[in-house]
S.K.: 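Attaching a single structure in structure tokens format; questions to follow.
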Protein chains: 4
Amino acid sequence: MERRLTQRGRARRTELMTCAARLFSDQGFHSTSVSDIVNTLGVGKGVFYWYFPSKDDLFIEILRGANRDLRRRQQAAIGDEPDPLVRIELGIRATMQWFHEHRSSFTLIQFARTDDRFTDVLAQNQEVAIGDAVRHIKDGIVAGEIADQVPEVLAEAVVGVTERLARTYLLERDEPVTEVADAAVAFCLNGLKG
Amino acid sequence: MERRLTQRGRARRTELMTCAARLFSDQGFHSTSVSDIVNTLGVGKGVFYWYFPSKDDLFIEILRGANRDLRRRQQAAIGDEPDPLVRIELGIRATMQWFHEHRSSFTLIQFARTDDRFTDVLAQNQEVAIGDAVRHIKDGIVAGEIADQVPEVLAEAVVGVTERLARTYLLERDEPVTEVADAAVAFCLNGLKG
Amino acid sequence: MERRLTQRGRARRTELMTCAARLFSDQGFHSTSVSDIVNTLGVGKGVFYWYFPSKDDLFIEILRGANRDLRRRQQAAIGDEPDPLVRIELGIRATMQWFHEHRSSFTLIQFARTDDRFTDVLAQNQEVAIGDAVRHIKDGIVAGEIADQVPEVLAEAVVGVTERLARTYLLERDEPVTEVADAAVAFCLNGLKG
Amino acid sequence: MERRLTQRGRARRTELMTCAARLFSDQGFHSTSVSDIVNTLGVGKGVFYWYFPSKDDLFIEILRGANRDLRRRQQAAIGDEPDPLVRIELGIRATMQWFHEHRSSFTLIQFARTDDRFTDVLAQNQEVAIGDAVRHIKDGIVAGEIADQVPEVLAEAVVGVTERLARTYLLERDEPVTEVADAAVAFCLNGLKG
DNA sequence: TATGAATGAGTTTTCATTCAT
DNA sequence: GATGAATGAAAACTCATTCAT
């Protein structure tokens, strides 16, 4: 049942989501209990269930929110750039930057992939993301700048490189974003050109 | 405590590991209880704790075993091939094939990355895997066949592409291994050459 | 604290009681939360506690009201009929009719009997009801129309028949009231005459 | 999943059922928590869930067991008595005696009627019980000893009288069984003869 | 070796009630 | 009078692990 929230209510809700996202990413979804969350905020346990029907639902909302945000960032970065290859480059860089700023979200997405209850949400998100990339790649193929391969496969490859470098160098080793982005861009553009 | 096992004992142990691996990958590590495992095998709960000190330990052993197996496969595939690029190609293909044959292991590795208790084991495994790839890449750079970039970064990129394509096309969509491997190889070799 | 209510206030109060009675009888007392009640009416939770000190109190009031109503109906039906047996018959018929029109109340009374918190209220109600019947029966014995047995026991038997037939045929099978009442009357009058 | 129980296991299971039945009937089903049950027995909470999948299931088993027992008692009492009216009388007396000895079961049945989760079980039980009575009544009608009315309705009336007198005089006032049974028999036989 | 039984801390969730605005 | 927010004790249930036999 959708609840009508006051100003204060909306603030609480956001507070819960932020707090939970951090705890989930730090200790893992399963190791974070609802008690952990409400204790961290210093509120009663009922508060949680006033705003979310269940722990799972909260997690799903976090996932959805993260994806919405990432996509917004990508679109903003790409703007109305005409060259498909440049669009892809801008997309990779924006993604890298966003992962850098939202490490916790990154971890959550990784986890969500391993639990049946969340794979659906993820699948929807992925479809959109891959769809975006595919459009640019098709443009690039038409323009003769990208090898004539199945665009979707190329898109997956680009995403694979970006995510992997982000995890290893941004999350685990905390290296400078720009350099990591440079490496990803270089590898991907070469991979695409064929 | 290391236990001295009889012939039959070793068989039981393996049976437990195989069964657990399948259940973990099907339903997730957390959703699979020790009871699930022993019930599936139709044995008592004591059996489990006779062979493994804890559920975590069992999982770690599974991970270790999987990695040992994958590496063996890669090395066998590469043999003493002299050309570094071909070595990389053979490695990618062997990996793809192995993922195809051991889907469940793939899922488990994905999961292990999201839980602090297992990241250590994974890190060790990864180090070895990346180390292998790095050697080939360095050879390739020396031979002038690969762009002069940080070899480790390139290795990560290759692994990123391989894993991603494996997950999307082998696990989720069950497409023919060879084609997926072809795509991975093509993208990676281009990405490496610069 | 007795509250002085405005016109509108009394309406609200009645609305709450009616709504709660329906929910209690549909889903059971325990399975109906105060939230359910106020949500059904589309009001805030404070409203409930403005009109009733607690959920239990509300239920008790509902019980009292139902009984008051039933008794009024019986008395109206009996009027100043002189023949004791006819008085009993009219009472049975009125009761049956009332159960027919107030199924939910019937269910609530059944439930109340199983919970210590409400048995007191019920006991009082029962005493009155049995008392009424006992008077008619005594008159009947004096008039030689009813067997000379302990009047209270006979009264209980009559109530037993009436309630049972009401539950089985009115509530569970929704059969026509008159026929059910006929059957109850026939059995009871025979039972009484001895 | 059906569990294979040892001697000791079966004893525990019975112990749990007996204890729970008593607590349910003393304090009510809802007011008795699983913790109450296991604490009363001085065992851990897991024990409960080792033997029963849920609190509801336990309750259902108790209901089924009680009914099985009551019916056995009725059949034993009736034996191969040829006269239908005497059979009914013996049935009423046996029932009364059983209610006397199993007060707690009586309360439980009353409660079960008010909760949707249990009405199914009850309905099955009732069908059997009414069916038994109906057979005797039909015989009685054929023999000309019972009024020619719908047998099922008569059966319901008999049950109504028996239950009501049992509740009022055995449970609430603890009067001697034989006298209560006498009263029930007298009223019912008269009611049946018409 | 193997089994069924037992433990109990820990988890998610519910809900009657109170409170600040 | 009325609302949404907050409380927190208590409930049902889970499950890794240990133990007696």
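In what follows, chains are A, B, ... by sequence order, proteins preceding strands, each numbered from 1.
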S.K.: May I have the distance from C/Lys45 (atom NZ) to E/dC19 (atom C1'), rounded to whole angstrom?
M.R.: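 Atom NZ in C/Lys45 sits about 13 Å away from atom C1' in E/dC19.
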S.K.: Mapping D/Gly42 and B/Gly42 to their closest nucleotides on DNA chain E, which lands nearer the 5' end?
M.R.: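 Residue closer to the 5' terminus by nearest nucleotide: B/Gly42.
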S.K.: Do you know the tightest heavy-atom contact between D/Phe59 and D/Ala112?
M.R.: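 For D/Phe59 versus D/Ala112, the nearest heavy atoms are CE2-CB, 3.9 Å.
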S.K.: Give the rounded distance in Å between these two atoms: CG of C/Leu58 and P of E/dT17.
M.R.: 11 Å
S.K.: Does F/dA2 have OP1 or OP2 under 4.0 Å away from a side-chain N or O of C/Arg8?
M.R.: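 True: C/Arg8 side-chain N/O within range (under 4.0 Å) of F/dA2 OP1/OP2.
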S.K.: Do the side-chain N or O atoms of A/Arg12 get closer than 4.0 angstrom to the phosphate oxygens (OP1, OP2) of F/dA5?
M.R.: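 A/Arg12 to F/dA5 OP1/OP2: no side-chain N or O under 4.0 Å.
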S.K.: Please determine if a side-chain N or O atom of A/Tyr49 lies less than 4.0 Å away from the OP1 or OP2 oxygen of E/dT14.
M.R.: no
S.K.: Rounded off to whole Å, could you give me the NE2-to-P distance for the B/His30 and F/dA16 pair?
M.R.: 9 Å
S.K.: Strictly below 4.0 Å: does A/Ser35 bring a side-chain N or O up to OP1 or OP2 of E/dG10?
M.R.: no
S.K.: Give the rounded distance in Å between these two atoms: CG of D/Asp56 and P of F/dA12.
M.R.: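 Going from D/Asp56 (CG) to F/dA12 (P), I get 10 Å.
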S.K.: How close do B/Ile37 and B/Ala20 get, counting heavy atoms only, and between which atoms?
M.R.: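 Taking B/Ile37 first and B/Ala20 second, the nearest heavy atoms are CD1-CB, 3.9 Å.
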S.K.: Give one of base, sugar-phosphate or nothing for C/Gly46, where a contact means two heavy atoms less than 4.0 Å apart.
M.R.: base
S.K.: On the six-membered ring of D/Phe29, is D/Lys55 placed so that its NZ or CZ lies under 6.0 angstrom from the centre and within 45° of the ring axis?
M.R.: yes
S.K.: In residues 107-118 of chain B, what residues come within less than 4.0 Å of DNA chain E, judged by heavy atoms?
M.R.: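 The stretch gives none, as no residue of it lies under 4.0 Å from the strand.
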S.K.: Does E/dT18 pair with anything, Watson-Crick or G-U wobble, both distances under 3.5 Å, and if so, with which nucleotide?
M.R.: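 For E/dT18, the partner nucleotide comes out as F/dA5, under the 3.5 Å rule.
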S.K.: Quick one: closest heavy-atom pair of C/Arg113 and C/Leu122, and the distance?
M.R.: CG-CD2, 3.2 Å
S.K.: Pick the closest DNA chain E nucleotide for C/Phe29 and for A/Val34 by heavy atoms, then say which residue is nearer the 5' end.
M.R.: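 That would be A/Val34.
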S.K.: Which of the following nucleotides, F/dT3, E/dT17, E/dA6, is nearest to the side chain of C/Ser54?
M.R.: E/dT17
S.K.: I'd like to know whether C/His30 forms a ring pair (Phe, Tyr, Trp, His ring centres under 6.0 Å) with C/Phe24, so could you lay out the CA-CA distance, the side-chain angles of the two residues, the decisive distance to 0.1 Å, and finally the verdict.
M.R.: CA-CA 8 Å; C/His30 283 108; C/Phe24 286 160; 9.6 Å; no
S.K.: Taking the nucleotide of DNA chain F with the closest heavy atom to each, which residue, A/Phe48 or B/Pro53, is nearer the 5' end?
M.R.: A/Phe48
S.K.: Please state whether the phosphate of E/dA2, meaning OP1 or OP2, lies under 4.0 angstrom from any side-chain nitrogen or oxygen of B/Trp50.
M.R.: no
S.K.: Atom CZ of B/Phe59 to atom C1' of F/dA16: distance rounded to whole Å?
M.R.: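 Rounded to whole Å, this separation is 16 Å.
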S.K.: Checking all strands, does D/Val43 fall into the base, sugar-phosphate, or nothing category for heavy-atom contacts under 4.0 angstrom?
M.R.: sugar-phosphate
S.K.: Would you say D/Ser33 places a side-chain N or O within less than 4.0 Å of OP1 or OP2 belonging to F/dA10?
M.R.: no
S.K.: Take atom CG of D/Leu23 and atom P of F/dA12, then tell me their distance rounded to the nearest Å.
M.R.: 12 Å
S.K.: Step by step, would you call D/Gln124 with D/Asn67 a side-chain contact (heavy atoms from CB on, under 4.5 Å)?
M.R.: CA-CA 10 Å; D/Gln124 293 167 20; D/Asn67 238 81; over 6 Å; no
S.K.: Can A/Arg12 and A/Val43 be said to form a side-chain contact (heavy atoms from CB on, under 4.5 Å), step by step?
M.R.: CA-CA 10 Å; A/Arg12 252 293 135 83; A/Val43 300; 3.5 Å; yes
S.K.: Would you call B/Arg68 and B/Glu61 a salt bridge, using N to O less than 4.0 angstrom?
M.R.: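 No salt bridge links B/Arg68 with B/Glu61.
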S.K.: Describe the nucleic acid contact of C/Lys55 in one word from base, sugar-phosphate, nothing, applying a heavy-atom distance below 4.0 Å.
M.R.: sugar-phosphate
S.K.: Does a nitrogen or oxygen in the side chain of A/Tyr51 sit under 4.0 Å from OP1 or OP2 of F/dG4?
M.R.: no
S.K.: Could you give the CD-to-P distance, from D/Gln7 to F/dT21, as a whole number of Å?
M.R.: 15 Å
S.K.: With a 4.0 Å cut-off on heavy atoms, is B/Gly9 in touch with a base, just the backbone sugar-phosphate, or nothing at all?
M.R.: nothing
S.K.: Need one value for B/Val47: base, sugar-phosphate or nothing, where a base atom within 4.0 Å counts as base even if backbone is also close, heavy atoms only.
M.R.: base
S.K.: More 5' along DNA chain F: B/Thr32 or C/Arg10, using each one's nearest nucleotide?
M.R.: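 The residue whose closest nucleotide sits nearer the 5' end is C/Arg10.
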S.K.: For the residue pair A/Leu23 and A/Thr32, what are the closest heavy atoms and their distance?
M.R.: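 Minimum heavy-atom separation between A/Leu23 and A/Thr32: O-OG1, 3.3 Å.
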S.K.: Taking CG from C/Asp57 and C1' from E/dT17, how many angstroms apart are they, rounded to a whole number?
M.R.: 13 Å
